[in-house]
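The structure appears right after this line, and notes come after that.
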Amino acid sequence: GKVYPAEEYQVTYQNNTNAGQASVVVTSKSGRNYVFETVAAFTISKATPEYDAPTGLIASYGQTLANAELPAWFTWVEDLTTSVGNAGTNTFHVTFMPQDTTNYNVVEGIEVEIEVLKQSPGLEITNKDSLAKVYDNEPIITPEYARSGNGAVVIEYKVQGYSDETYSTNKPVNAGN
């Protein structure tokens, strides 16, 4: 094609500010050697936004994703009723929704980790007063408990007069145990 000197034409743009269809118009300048106008359409694509994937997410065993709070502009890909899983570090996915969705893409499938903490079983001994007794060569009764959590239960007895680290799973029989 022919190359025209810059003093022979002018260039204008239409709808070239945001993502979407735009056009460039090249027209001859008045009083010059050429008479022409040409229009070319082009597309301005959405950009992928920069973001920092959420970190430091924490939940407890037995909770769901609804309990793991995400920063603004992020949502869970998995359903909010999805369990956070066993204690440890578990991987899930989030979506980043930029404020300006006209010019930026939504980013899906971003991997994030949740630190899942062990859950306290929520035990409460309900017969505390009946656990103290006078020596009679019989074991004390097993404590009764109400459990509000879903963890395993091990009953341990502290040996009286020993350090806090001295426990037994056997029912005490002798005085002072």
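The figures here come from the full heavy-atom set of this structure, side chains too, leaving out hydrogens, waters and symmetry mates.
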N/O donor to acceptor pairs below 3.5 angstrom from side-chain atoms of residues 94-102, sequence neighbours left out:
| unit_1 | atom_1 | unit_2 | atom_2 | d |
| --- | --- | --- | --- | --- |
| Asp100 | OD1 | Thr102 | N | 3.0 |
| Asp100 | OD1 | Asn103 | N | 3.1 |
| Asp100 | OD2 | Asn103 | ND2 | 3.1 |

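- By the neighbour-count criterion of 12 heavy atoms within 6.0 Å, atom OH of Tyr51 is sparsely surrounded, having that number or fewer from other residues, nucleotides or ligands.
- Residues passing the side-chain hydrogen bond (donor to acceptor under 3.5 Å, both in side chains) test with Glu115, sequence neighbours excluded: none.
- With values rounded to the nearest 0.5 angstrom, Asn67 atom CG is found 9.5 Å from Ile114 atom CD1.
- Of the possible donor and acceptor atoms, none in the side chain of Thr64 sits under 3.5 Å from a partner among the backbone N and O of Ser83.
- Follow the hydrophobic side-chain contacts under 4.5 Å out from Val112 and you never reach Leu117; the two are in separate clusters.
- At most 12 non-hydrogen atoms from other residues, nucleotides or ligands lie less than 6.0 angstrom from CD of Glu50.
- For the atom pair Thr91 OG1 and Glu113 CD, the distance stands at 4.5 Å (nearest 0.5 Å).
- In the hydrophobic clustering of ILVMFWY residues, with side-chain heavy atoms under 4.5 Å counting as a link, Val77 and Phe92 come out apart.
- With no hydrogens or angles considered, no side-chain donor-acceptor pair links Glu37 and Ser28 at under 3.5 Å.
- When hydrophobic clusters are built by joining Ile, Leu, Val, Met, Phe, Trp and Tyr residues whose side-chain heavy atoms come closer than 4.5 Å, directly or via intermediates, Val116 is grouped together with Leu80.
- Side chains of Asn15 and Gln21 form no contact here, defined as non-hydrogen atoms less than 4.5 Å apart.
- No more than 12 heavy atoms of other residues, nucleotides or ligands lie within 6.0 Å of CG in Asp52, so this atom counts as exposed by the packing criterion.
- Sparse packing is recorded around OH of Tyr104, with 12 or fewer heavy atoms of other residues, nucleotides or ligands lying under 6.0 Å away.
- Atom NZ in Lys118 sits 11.0 Å away from atom CG in Asn86 (nearest 0.5 Å).
- At most 12 non-hydrogen atoms from other residues, nucleotides or ligands lie less than 6.0 angstrom from OH of Tyr13.
- No donor-acceptor distance shorter than 3.5 angstrom exists from the side chain of Trp76 to the backbone of His93, with no hydrogens or angles considered.
- Contact between Ile110 and Phe74 at its shortest, heavy atoms only, is CD1-CE2, 4.2 Å.
- Both Ile44 and Val11 are members of a single hydrophobic cluster when ILVMFWY side chains are connected at heavy-atom separations under 4.5 Å.
- Around NZ of Lys29, the count of heavy atoms belonging to other residues, nucleotides or ligands within 6.0 Å exceeds 12.
- Separating the CG atom in Leu65 from the CG atom in Asn90 is a distance of 10.0 Å, to the nearest 0.5 Å.
- Every side chain to side chain contact (heavy atoms under 4.5 Å, CB included) that Asn33 has, sequence neighbours left out, goes to Glu8.
- Between Tyr9 and Phe36, the ring-plane angle classifies as tilted under the 30° and 60° cut-offs.
- A continuous path of ILVMFWY side-chain contacts below 4.5 Å connects Tyr4 to Val26, so both sit in one hydrophobic cluster.
- In terms of heavy atoms, Asn16 sits closest to Ala22 at CA-CB, 3.9 Å.
- The structure places CG of Leu57 at 6.0 Å from CG of Leu70, a figure rounded to the nearest 0.5 Å.
- With hydrogens and angles ignored, the 3.5 Å screen pairs no side-chain donor or acceptor of Asn105 with any backbone N or O of Val107.
- Residue Glu69 qualifies as open at atom CD: its count of foreign heavy atoms under 6.0 Å is 12 or below.
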